[in-house]
Amino acid sequence: MFSSLSDRLTATFKNLRGKGRLSEADVDATVREIRRALLDADVALPVVKQFTAAVRERALSDEVSGALNPAQQVVKIVNDQLVEILGGQSRRLQFAKNPPTVIMLAGLQGSGKTTLAGKLGKWLNGQGHKPLLVACDLQRPNAVNQLQVVGQRAGVQVFAPEPGNGVGDPVAVARAGVAEAVSRQHDIVIVDTAGRLGIDAELMQQATDIRDAVSPDEVLFVIDAMIGQDAVQTAQAFADGVDFTGVVLSKLDGDARGGAALSVAQVTQRPVMFASTGEGLDDFEPFHPDRMASRILD
Ligand code: GDP
């Protein structure tokens with residue numbers, strides 16, 4: 001991910017090396033290159049526009065630091081701008097004052113929600129929490145079983161509907177899951193929800209009903225970074241539908257061009273909180289915009 005974008009930006013900065021001062025024409029040429037590189041990486045157009053306008057304005061302003069040469073200044077400005085579009089500061093999970101903390105996962109089918117439930121559960125377990133995974137994806141025949149397998153691998157308990165008891169009603173299962181967590185003293189509940197291959201009103205309503213029933217402290221929208229340009233539209237639909245609190249970028253280990261990852265936080269104005277980087281349960285980390293920006297500009 002990002003290797004082509006990274007190469008293109010580095011090549012652009014190279015052209016500025018050795019220049020004593022940047023003329024407006026130099027800045028404009030650089031901004032044009034950055035614009036092309038971002039568009040070719042599948043970054044959404046509104047994000048590209050905002051990004052390049054901010055870079056241009058700052059590169060032409062007087063706020064420049066004497067300690068940096070013009071090329072370094074441009075790198076710093078692009079770096080700061082990347083950090084900003086990725087959500088600025090890292091955002092940690094918000095825990096409830098009165099446990100259990102409820103974390104709900106939403107996203108399209110195949111985005112990596114169930115895998116994330118296991119990753120998050122294992123990670124929180126390692127920090128001394130006692131999470132409970134709740135299987136509210138009753139749409140896909142094998143989803144409940146898949147969560148049970150993931151829970152077992154992660155060493156985290158799973159609450160699933162008994163056959164014939166509330167089956168088919170994910171809202172009831174979510175409520176029962178939270179009640180179970182209270183009675184068994186789990187301090188965190190991770191609610192896995194159903195996804196569809198595309199956005200549809202019924203899916204969004206179901207997610208909203210679950211949200212309203214269990215009042216989650218966090219709603220994490222999981223997005224497959226490989227889906228390219230569609231990411232922005234999907235993210236916006238979920239932002240309008242369930243109104244998530246944070247983004248999880250999954251499949252960052254893939255070879256996508258990375259534009260989705262760079263657009264989603266900015267378009268939805270929600271921070272990226274975690275990155276999922278493989279199929280293994282340990283392929284997961286809190287997301288730090290500044291580290292990601294340095295990785296791209298390395
Ligand atoms: P869900 O339908 O949203 O619950 O998605 P799943 O968790 O079932 O994941 C769909 C597929 O993507 C599975 O084959 C996972 O192993 C795979 N997957 C999930 N997260 C990642 C990731 O970060 N990287 C890679 N390469 N594969 C992943």
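First listed ligand is number 1; within each ligand, the first listed atom is number 1.
- A parallel orientation is assigned to the rings of Phe284 and Phe274, their planes being inclined by less than 30° (bins at 30° and 60°).
- Residues Phe159 and His186 keep their aromatic ring centres 6.0 Å or farther apart.
- Among the atoms of Lys251, some N or O lies under 3.5 angstrom from an N or O of ligand 1.
- Of the protein's non-hydrogen atoms, Thr114 OG1, 2.7 Å is the one closest to atom 4 (O) of ligand 1.
- In this structure, Leu108 counts as a contact residue of ligand 1, since one of its heavy atoms falls inside 4.0 Å of the ligand.
- Contacts with ligand 1 closer than 4.0 Å are made by side-chain heavy atoms of Asp253 only, the backbone lying farther away.
- Atom 5 (O) of ligand 1 has Gly112 N, 3.0 Å as its closest protein atom, hydrogens excluded (heavy atom only).
- Ligand 1 places these atoms under 4.0 Å from at least one heavy atom of Lys119: 23 (O).
- Considering every non-hydrogen atom in both Ala231 and Val264, the closest pair reads CB-CG2, 4.2 Å.
- Comment: Arg140 engages Asp137 in a salt bridge, judged by a side-chain N to carboxylate O separation of less than 4.0 angstrom.
- Between Leu252 and ligand 1, no pair of N/O atoms sits closer than 3.5 Å.
- Separation of the Phe238 and Phe221 ring centroids falls under the 6.0 Å cut-off.
- Interatomic distance, Gln139 CD to Gln109 CD, rounded to the nearest 0.5 Å: 9.0 Å.
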Next item on the list: Take Ser276 and Lys119, measure what side-chain hydrogen bond (donor to acceptor under 3.5 Å, both in side chains) needs, and give me the verdict at the end.
Entry: CA-CA 9 Å; Ser276 217; Lys119 291 176 174 183; 2.6 Å; yes
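- One finds no salt bridge joining Asp187 and Lys130 here, because no Lys/Arg side-chain nitrogen approaches an Asp/Glu carboxylate oxygen to under 4.0 Å.
- Annotation: Asp192 places no N or O atom under 3.5 Å from an N or O atom of ligand 1; distance criterion only.
- Counting only heavy atoms of the protein, atom 2 (O) of ligand 1 lies nearest to Gly110 N, 2.7 Å.
- Under a cut-off of 6.0 angstrom, the local environment of CD in Gln152 is sparse, with at most 12 non-hydrogen atoms contributed by other residues, nucleotides or ligands.
- In the vicinity of Arg140, heavy-atom distances shorter than 4.0 Å reach the ligand 1 atoms 2 (O), 4 (O).
- Under a 4.0 angstrom heavy-atom cut-off, Asp283 registers as lying outside contact with ligand 1.
- For a threshold of 3.5 Å applied to N or O pairs, the pair formed by Glu279 and ligand 1 contains at least one separation below that value.
- Residue contacts with ligand 1 leave out Gly107, since none of its heavy atoms falls under 4.0 Å from the ligand.
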